[in-house]
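To start, the structure under review is shown below, and the notes come after it.
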Protein chains: 2
Amino acid sequence: MTSIKDLARHLDISIGTVSRALNNKTDVSQETKSKVLKAAAELGYVPNQAGRSLSKGKTNVIGFVLETDSEGMMQGDLFFIRVFDGMQSVLTKRGLNLVALLSPSNVEPEAYLQQIVARRFTDALVLSSIHRNDARINFLNQQGMPFATLGRSLVDGGQPWLDLDFDGVVEDAIARLTQKGHRTIALALPRNDLNLRHIMIESYRKNIAKAGLQLDEDLMIRISPGDRAGVTLVHQLINMPQKPTAVIYSDHILPFGIYRGLADLGLTPGVDLSLIGVGTRLAAFLTPDLTYYRFNLFDLGVRIAEALLTIMDDPTAAEGRPVVRESVPFTFIEGQSIADLT
Amino acid sequence: MTSIKDLARHLDISIGTVSRALNNKTDVSQETKSKVLKAAAELGYVPNQAGRSLSKGKTNVIGFVLETDSEGMMQGDLFFIRVFDGMQSVLTKRGLNLVALLSPSNVEPEAYLQQIVARRFTDALVLSSIHRNDARINFLNQQGMPFATLGRSLVDGGQPWLDLDFDGVVEDAIARLTQKGHRTIALALPRNDLNLRHIMIESYRKNIAKAGLQLDEDLMIRISPGDRAGVTLVHQLINMPQKPTAVIYSDHILPFGIYRGLADLGLTPGVDLSLIGVGTRLAAFLTPDLTYYRFNLFDLGVRIAEALLTIMDDPTAAEGRPVVRESVPFTFIEGQSIADLT
DNA sequence: TTGTAGGCGTTATCAG
DNA sequence: CTGATAACGCCTACAA
């Protein structure tokens with residue numbers, strides 16, 4: 001490994017000057033600068049991160065914290081990769097390294113997070129799978145670790161957040177379904193602790209009422225964990241006294257299970273049961289065509305990264321400045337998974 | 001942040017002693033040790049990673065390098081998460097942090113890797129998506145960065161590797177298919193540069209011959225990049241002069257496209273076209289049931305991590321010691337996607 | 001514009 | 001068993 005010392009010796013100038021040249025400080029002659037840069041390139045010099053971190057008190061690492069659920073299944077998969085890429089596209093420009101951190105399934109997520117924070121492994125974090133009362137938010141605040149969340153929580157840490165507009169998804173879905181004559185609409189809900197669940201419930205309540213329909217609590221169904229979620233859901237729906245004609249969901253894998261569950265019973269999506277929800281590129285594989293909502297996840301990543309940079313650049317002024325807090329809009333993709341009952 | 005210096009001052013002993021106590025060295029009195037540990041807990045002291053890295057020349061970070069293809073699609077997704085988890089389960093015990101590193105789509109993968117290595121960001125790396133002639137292998141060797149690969153290459157860097165037994169998959173698939181009367185069997189191949197492609201080709205050649213079938217080069221088809229791969233493949237197969245009755249593949253997403261492509265043409269998997277290949281838990285969503293091969297990916301992760309630890313612990317003895325180099329076996333899952341033509 | 005020197009937090013060596 | 005000190009690589013006053 002060639003160090004700054006080697007470089008200095010090689011050029012026969014002082015370490016300090018080399019450092020300043022490398023960091024493009026103003027008080028170095030152009031000539032020296034280019035000489036240093038050239039030599040650095042030749043010797044393949046790249047600053048050692050540990051040395052720099054120690055001196056500057058920054059690691060230049062941003063962590064993206066991912067959670068797998070109890071089944072080791074990741075809601076996100078394809079989801080997060082796009083967000084991740086969007087974030088990188090802005091962070092690399094700033095010399096920041098984005099890394100994905102996955103809680104091991106054999107360690108408590110909180111313990112894992114604590115360890116990351118305590119070691120000062122990152123300069124900032126992005127949290128996903130936000131809970132309704134997410135203890136991590138206060139924890140990070142109290143530890144002075146800058147962060148943003150992909151999703152919101154009842155707990156407000158003053159941090160920037162971005163969220164997918166699930167509220168709007170449910171609203172739009174109910175509008176479309178009722179317009180096509182659906183009057184018994186089920187809602188497939190994710191696991192208990194996620195705030196997303198509550199956002200969906202609220203939106204569902206509001207928009208069912210708005211549509212002039214009777215609210216039936218039994219129509220709000222928690223999807224079971226694991227791979228069989230969609231299949232199980234179909235059986236539940238089919239066996240309800242008031243059989244729903246449609247179901248709205250947020251999990252992009254769920255429709256695969258639903259299609260499968262329907263097929264097992266000889267039923268057809270969009271005929272025997274309508275479904276609409278959030279989808280990714282995987283949706284294109286379903287037959288008949290899925291009707292779904294898509295988000296621009298790359299863009300979301302870009303915006304999260306930008307929001308994060310803002311608070312990192314100026315952590316003190318956090319009070320006065322408006323913090324980025326937005327729901328990102330969806331795009332509607334027409335398909336054949338909704339029946340017209342009129 | 002409380003540093004070791006604070007701790008020492010607080011206890012009124014020297015920094016050196018504190019350090020030794022913290023690291024549980026033998027030459028410290030039990031009494032001092034427990035005093036230090038207690039104080040550390042009270043003051044919430046956690047060693048600063050940068051300082052430690054600088055001093056020890058180790059970062060305690062292991063990087064898992066992931067690639068997305070040109071479409072930003074990740075072959076792996078669900079795949080890698082399990083492997084990752086398996087690795088973590090052994091690495092955390094050793095106080096090592098595993099992070100996922102994704103080349104940004106707007107940066108050359110090689111440049112990204114170089115940067116990671118040069119910054120000495122990690123103590124070791126795991127490479128995936130191994131190419132037939134993978135330049136990264138020599139690069140890492142020459143940089144003195146310990147690494148293991150998830151897949152092998154023609155380039156031999158002496159590193160440990162583990163690979164999924166795709167060779168065996170193709171062999172078993174051909175055996176099963178021919179046994180059921182298939183005589184025109186297509187092979188769906190991944191992108192050019194992956195070594196996996198060549199492993200599959202070789203195995204295909206060998207086993208087609210072994211089955212006493214005529215080799216037809218046209219039956220080895222490169223799948224197109226992107227989401228439409230499976231659909232496109234179906235069209236290709238259908239339009240061949242010698243229409244294949246079956247296809248073998250390695251990409252766990254591909255069957256979704258194939259099912260979709262067949263459905264579009266009113267054809268049925270396992271009847272009009274048989275298919276068999278590598279699958280993940282997603283496979284369970286396909287109707288009719290997919291016939292496929294499954295790997296224990298968690299286990300694979302465990303073994304990769306262990307192999308990595310071996311070379312990290314004793315980098316010098318690398319020559320004499322047997323390096324872990326294995327193909328991990330598959331499990332066959334019976335389904336209905338293979339027609340019996342006999 | 002450049003060189004010097006101190007410090008970031010930790011570990012390791014070497015006296016005591 | 002413990003304390004002092006140098007070293008890791010880099011940055012940044014401060015001095016020249």
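In what follows, every chain begins at residue 1, and chains take the letters A, B, ... in the order their sequences are listed.
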Verdict with reasoning, A:Asn195 to A:Ser153, per side chain to side chain donor-acceptor pair (under 3.5 Å): CA-CA 6 Å; A:Asn195 192 46; A:Ser153 172; 5.8 Å; no

Sugar-phosphate means primed atoms, P, OP1 and OP2; the rest is base. With that split, encode nucleotides 1-12 of chain D 5' to 3' as B, S or - using protein heavy atoms under 4.0 Å. SBBB---BBBBB

Cationic N near anionic O, under 4.0 Å, A:Asp123 to A:Lys56: no

note: A:Leu11, atom CG; C:dT2, atom C1'; distance rounded to Å ~ 14 Å

Indicate yes or no: does A:Asp27 engage A:Lys25 in a salt bridge with an N to O separation below 4.0 Å. no

Looking at B:Asp313 and B:Arg94, is any side-chain nitrogen of the basic one under 4.0 Å from a carboxylate oxygen of the acidic one? yes

Within this structure, what is the NZ-to-C1' distance between B:Lys58 and C:dA12, rounded to whole angstrom? 15 Å

Interatomic distance, CG@A:Leu11 vs NZ@A:Lys38, rounded to 0.5 Å, equals 9.0 Å

